[in-house]
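Reviewing the structure listed below.
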Number of protein chains: 2
Amino acid sequence: MGKLKCEPDPSIDKRLALRDAIELLSGKWKVCILSNLYHRGTMRFKDILETSKGITPKVLSKELQHLEDNLMITRTVNNTKPVTVSYALTDHAGETQPVISALILFGLSHRKKIKNK
Amino acid sequence: MGKLKCEPDPSIDKRLALRDAIELLSGKWKVCILSNLYHRGTMRFKDILETSKGITPKVLSKELQHLEDNLMITRTVNNTKPVTVSYALTDHAGETQPVISALILFGLSHRKKIKNK
DNA sequence: ATAGTCACTTTCCTTAAGGTAACGGATAGT
DNA sequence: ACTATCCGTTACCTTAAGGAAAGTGACTAT
């Protein structure tokens, strides 16, 4: 494979954006949590704890805070007994859909390539 | 945001693909190295060491091996004095382009959202 | 003989991610 | 009073990522 294009380096803005986007999806649980919320809609803490198999409450709590800080999910304390808390995706989280699709498409092709080694 | 669609859970294949794809791009240096190779074409070890500012030879060596294992780059030992080694993207690496574009697009929008907090 | 280049490798260290297990406050049922 | 549910927190530990600094081996130039 030779040189492709020889554009100037990507702008600093794009590099920061790329780094932020990857960080937001990196780690063992974030995509799993987002995916669960996407497919099941609003969920309570305990629901996510059970569907994200293997996660502990401590880690889940941290991940949810991180996702909330990044405006990917909303956290709503319900007026119930005992207290329940609902989490749901924001509209902004919907913008990850093209990213996820592209990642899956590449990942599928990549796994094929790797298997034939 | 209510429930979006209520598809069944994604297939196990897609989940694995997604995880692999994210892992391949996670970490401090991989995207940086790929981006350098993409914009500059074939590069020697020292070139990448200098353009990926802050990386150490040990870490670069490890990252390059990882990328080679994943068929993203080729490693060619040149018949020169002193020995030089050339790295270049594979065709397969080109398939990350839609992923990177999607990540940048999302990242730019995300950074705007976060700034207005 | 000495010093330099290139592509690493080795050793040692710090930091951060993630896991385990137990505990806490609020509330309710029996 | 005792137990249970829910949503966490706290304290402690292990592992992995990554950084700093020096060294190695093959070769060349002076």
Side-chain angles (χ1 to χ4, degrees), chain A residues 15 18-37 40-70 72-89, chain B residues 15 18-37 40-70 72-89:
Chain A
R15 267 179 286 178
L18 183 51
R19 163 147 314 216
D20 284 4
I22 290 174
E23 259 170 34
L24 196 47
L25 301 177
S26 291
K28 192 168 176 182
W29 299 109
K30 273 159 214 149
V31 175
C32 178
I33 294 168
L34 291 176
S35 173
N36 282 330
L37 283 171
R40 291 164 202 247
T42 299
M43 296 175 80
R44 290 177 309 134
F45 188 86
K46 213 202 172 193
D47 296 333
I48 308 178
L49 202 58
E50 281 161 6
T51 53
S52 303
K53 288 177 191 172
I55 201 171
T56 59
K58 168 196 156 185
V59 174
L60 177 55
S61 177
K62 204 197 65 184
E63 297 290 307
L64 290 172
Q65 273 185 47
H66 187 219
L67 288 171
E68 200 196 352
D69 290 344
N70 282 280
M72 304 296 286
I73 61 172
T74 57
R75 179 180 183 275
T76 315
V77 179
N78 302 310
N79 188 9
T80 57
K81 28 70 184 222
V83 174
T84 56
V85 182
S86 296
Y87 295 91
L89 296 185
Chain B
R15 265 178 288 178
L18 183 51
R19 165 148 312 221
D20 284 5
I22 289 174
E23 259 170 34
L24 195 48
L25 300 178
S26 291
K28 192 166 175 182
W29 298 110
K30 273 159 213 147
V31 174
C32 178
I33 294 168
L34 291 176
S35 172
N36 282 331
L37 284 170
R40 292 165 203 245
T42 299
M43 295 175 80
R44 292 178 307 135
F45 189 87
K46 215 205 171 193
D47 295 333
I48 308 179
L49 203 58
E50 282 162 5
T51 52
S52 303
K53 288 177 191 171
I55 200 171
T56 59
K58 168 197 158 185
V59 173
L60 177 55
S61 177
K62 204 197 65 186
E63 298 288 308
L64 289 172
Q65 273 185 49
H66 187 220
L67 289 170
E68 198 195 353
D69 291 344
N70 282 280
M72 303 295 287
I73 61 172
T74 57
R75 178 180 184 276
T76 315
V77 178
N78 301 312
N79 188 9
T80 56
K81 26 68 180 223
V83 174
T84 56
V85 183
S86 295
Y87 296 91
L89 295 185

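Below, chains carry the letters A, B, ... as their sequence lines are ordered, and counting in each starts from 1.
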Nearest-angstrom distance from the residue atom CG of A:Leu49 to P of C:dG19: 12 Å
What are the two closest non-hydrogen atoms of A:Leu24 and A:His66, and how far apart are they? CD1-CE1, 4.4 Å
State whether A:Lys58 places a side-chain N or O below 4.0 Å from either non-bridging phosphate oxygen (OP1 or OP2) of D:dC12. no
A:Asn78 CG - D:dC6 P separation (whole Å): 13 Å
Below 4.0 Å: OP1/OP2 of C:dA7 and any side-chain N or O of B:Gln65: no
Between D:dC7 atom C1' and A:Lys62 atom NZ, what is the distance in whole Å? 17 Å
Hey, which of these two, A:Val59 or A:Val83, hits DNA chain D nearer its 5' end, going by closest nucleotide? A:Val83
B:Phe45 atom CZ is separated from C:dA7 atom P, nearest whole Å, by 7 Å
Output the rounded distance in Å from CD1 (B:Ile33) to C1' (D:dG18). 13 Å
Heavy atoms under 4.0 Å, any strand shown: does B:Thr84 hit a base, just sugar-phosphate, or nothing? sugar-phosphate
Position toward the 5' end of DNA chain C (nearest nucleotide), A:Lys30 or A:Thr80: A:Lys30
Nearest heavy-atom pair of B:Lys30 and B:Glu23: which atoms, and what distance? NZ-O, 4.0 Å
Please report the shortest heavy-atom distance between B:Thr42 and B:Ser86, naming the atom on each side. CG2-CB, 3.6 Å
What's B:Gly27 touching, base or sugar-phosphate or nothing? Going by heavy atoms closer than 4.0 Å. sugar-phosphate
